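Here's the structure we're looking at; comments come further down.
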Number of protein chains: 2
Amino acid sequence: MSFTTSEENYIKGIFHLQQETGLVNTNSLAAEMQTRPASVTDMLKKLKSKKLLQYEKYKGFKLNEAGKKAALDVVRKHRLWEFFLVEKLKFDWDKVHPIAEELEHISSEELVQRLDNFLGNPSFDPHGDPIPDKNGKIPVIKQQSLSEIPFKKNVTVSSVGNQTAQMLDMLKHYNIAIGTQLTILKKFEFDGSLEIKVSKQNACIISEQVAKNVFVHDV
Amino acid sequence: MSFTTSEENYIKGIFHLQQETGLVNTNSLAAEMQTRPASVTDMLKKLKSKKLLQYEKYKGFKLNEAGKKAALDVVRKHRLWEFFLVEKLKFDWDKVHPIAEELEHISSEELVQRLDNFLGNPSFDPHGDPIPDKNGKIPVIKQQSLSEIPFKKNVTVSSVGNQTAQMLDMLKHYNIAIGTQLTILKKFEFDGSLEIKVSKQNACIISEQVAKNVFVHDV
DNA sequence: AATAAAATTTAGACAAAACTAAAAATATTA
DNA sequence: TAATATTTTTAGTTTTGTCTAAATTTTATT
Ligand SMILES: [Mn+2]
Ligand SMILES: [Mn+2]
Ligand SMILES: [Mn+2]
Ligand SMILES: [Mn+2]
């Protein structure tokens, strides 16, 4: 089965939302996709007729197995292209998302497989998100928010929660990236800020907001 | 100015035809684009309103400077991606055209510039066609059809005229690619076939049809 | 339980890009 | 030059994906 760019974007949007909420509703998908609820309803009918989702009027919806398979395929392509853009073309990690948003719709199966091999079959994209393999299998890692880590414990940054360009740009200025090692030195009770030591740099202070969106695992 | 995928494909098609004929007519563009003359007329109106071509009803049409610039930009992207697919992903040269036909529409300017650098700013694509630089400048080489070359002269293959997958697949089986050195040993008057010696392989025979579509330059 | 609010769907419209069939313009030929 | 053939354009549809406004259904509140 093959899908249009628009169908693929919706499928991916639904997949993303149902990870958190199980059932998805029309308004939240419209917000996610930056479109109107009426447009979502139209697309839901089409995706249902293509047997990609369970959907009853007014009752919410979610992808079935075929839909999840399709979603994982788009996610795989998105993340492989992001990896390519950062590792091979030396893009900054806060610039690659919109480009991958286009590249993920290139249809050739063989292209994806060869790209995967060319890149060395990476397991995580530049933001620390797992890259599904060609069967849709996703690697899992145990990670915690930096806001839950005790003082003086050495940890490695594994992924980023909020992946807006604004957030990623900020982390870039802190010299924080996937794989960066750091330790928490102190918590300021006033606003929940954390003083942290990033690898061999001077200590610096990050807001609670930032800390909550940085995920880490043991060194 | 930015264009839709369809607009870009038409612009490229017109550019290709006007290289040979100067003025282009509706039916030949329809044939080139595998579409209907009525669809061509529709698009011509749109491209004229975008000031990309000179066009008077029933009188033929051709790209103006803005149109040529746009065409060269698409051609540049197409050929850079083809180079990437063959040189980095190890695709055979007869498989890359349809994939590049999609990739050429990815919009990021920075992507093209970084890809160009990553590839080492190549001057020719895998089929020997010149890659325009970012200003639209095209490298030229002096080349002749293999059918016009005298016997025993050592020449290097520089490009292919007919680039259908069928032709490219055939040349692959002859072990003929861009850069291959060869010599003509004999011409058969019966059907114009040529006996040629390809680098260090055994002599072989190619049809007049093939010879006419292989372009070569001095070693 | 009745009413108000929010969420969702339907109805109808629009733009892009294609198509077919018919009309109009141009080119060819007798 | 008149008749015929070819080329091109126009008129009217279709499909996909979007939108607004209105109607409907569900949920929350008095
Ligand atoms: Mn996308
Ligand atoms: Mn990512
Ligand atoms: Mn194309
Ligand atoms: Mn080529």
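So that the names make sense, note that chain A is the first sequence line, chain B the second, and so on, each numbered from 1. Not measured: the values here are computed from a predicted model. Just so you know, these numbers use all the heavy atoms, side chains as well, and skip hydrogens, waters and symmetry mates.
- Chain A approaches DNA chain D within less than 4.0 angstrom (heavy atoms of the protein), and the contacting nucleotides run 5' to 3' from D/dT16 to D/dT26.
- If you check residues 11-31 of chain A against DNA chain C, the residues with a heavy atom closer than 4.0 Å are A/N25, A/T26, A/N27, listed by number.
- Heavy atoms only, all atoms of each residue included: B/W93 and B/A177 are closest at CH2-CA, 4.0 Å.
- Using a 4.0 Å cut-off between charged nitrogen and carboxylate oxygen, A/E65 and A/K68 count as a salt-bridge pair.
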Kindly give the atom pairs (protein nitrogen or oxygen, nucleotide nitrogen or oxygen) under 3.5 Å for nucleotides 16-20 of chain C.
| unit_1 | atom_1 | unit_2 | atom_2 | d |
| --- | --- | --- | --- | --- |
| C/dA17 | OP1 | B/T4 | OG1 | 2.7 |
| C/dA17 | OP2 | B/K46 | NZ | 2.1 |
| C/dA18 | OP1 | B/S6 | OG | 3.4 |
| C/dA18 | OP2 | B/S6 | OG | 3.0 |
| C/dC19 | OP2 | B/T35 | OG1 | 2.6 |
| C/dC19 | OP2 | B/R36 | N | 3.2 |
| C/dC19 | OP2 | B/S39 | OG | 2.5 |
| C/dC19 | N4 | B/D42 | OD2 | 3.4 |
| C/dT20 | OP2 | B/R36 | NE | 3.2 |

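- Salt bridge A/K134/A/D73: absent, no basic N to carboxylate O contact under 4.0 Å.
- For the ring pair (Phe, Tyr, Trp, His ring centres under 6.0 Å) condition, the pairs that include at least one residue of residues 95-116 of chain B, sequence neighbours left out, are B/H78-B/H97.
- Taking A/N162 as the reference, A/T164 meet the side-chain hydrogen bond (donor to acceptor under 3.5 Å, both in side chains) condition, with sequence neighbours excluded.
- Residues satisfying the side-chain contact (heavy atoms from CB on, under 4.5 Å) criterion with B/L119, sequence neighbours excluded, are B/L80, B/F83, B/F84, B/K88, B/L115, B/P122.
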Please report, to 0.1 Å, the donor-acceptor pairs under 3.5 Å made by any side chain of residues 50-59 of chain A, with sequence neighbours excluded.
| unit_1 | atom_1 | unit_2 | atom_2 | d |
| --- | --- | --- | --- | --- |
| A/K50 | NZ | A/E7 | OE1 | 3.3 |
| A/K50 | NZ | A/E7 | OE2 | 3.3 |

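- Listed by chain and number, the residues in a side-chain hydrogen bond (donor to acceptor under 3.5 Å, both in side chains) with A/K12 are A/E101, A/E104 (sequence neighbours excluded).
- Side-chain N/O atoms of A/K45 include none lying less than 4.0 angstrom from OP1 or OP2 on C/dT9.
- Every residue meeting the side-chain hydrogen bond (donor to acceptor under 3.5 Å, both in side chains) condition with B/D92, not counting sequence neighbours, appears here in chain and number order: B/K172.
- With sequence neighbours left out, A/S147 forms a side-chain hydrogen bond (donor to acceptor under 3.5 Å, both in side chains) with A/S145.
- In terms of the side-chain contact (heavy atoms from CB on, under 4.5 Å) criterion, residue partners of A/M170 (sequence neighbours excluded) are, by chain and number, A/Y174, A/V210.
- Taking every heavy atom of residues 50-63 of chain A and every atom of DNA chain C, pairs under 4.0 Å involve A/Y55, A/K57, A/Y58, by number.
- Interatomic distance, A/S123 OG to A/R79 CZ, rounded to the nearest 0.5 Å: 12.5 Å.
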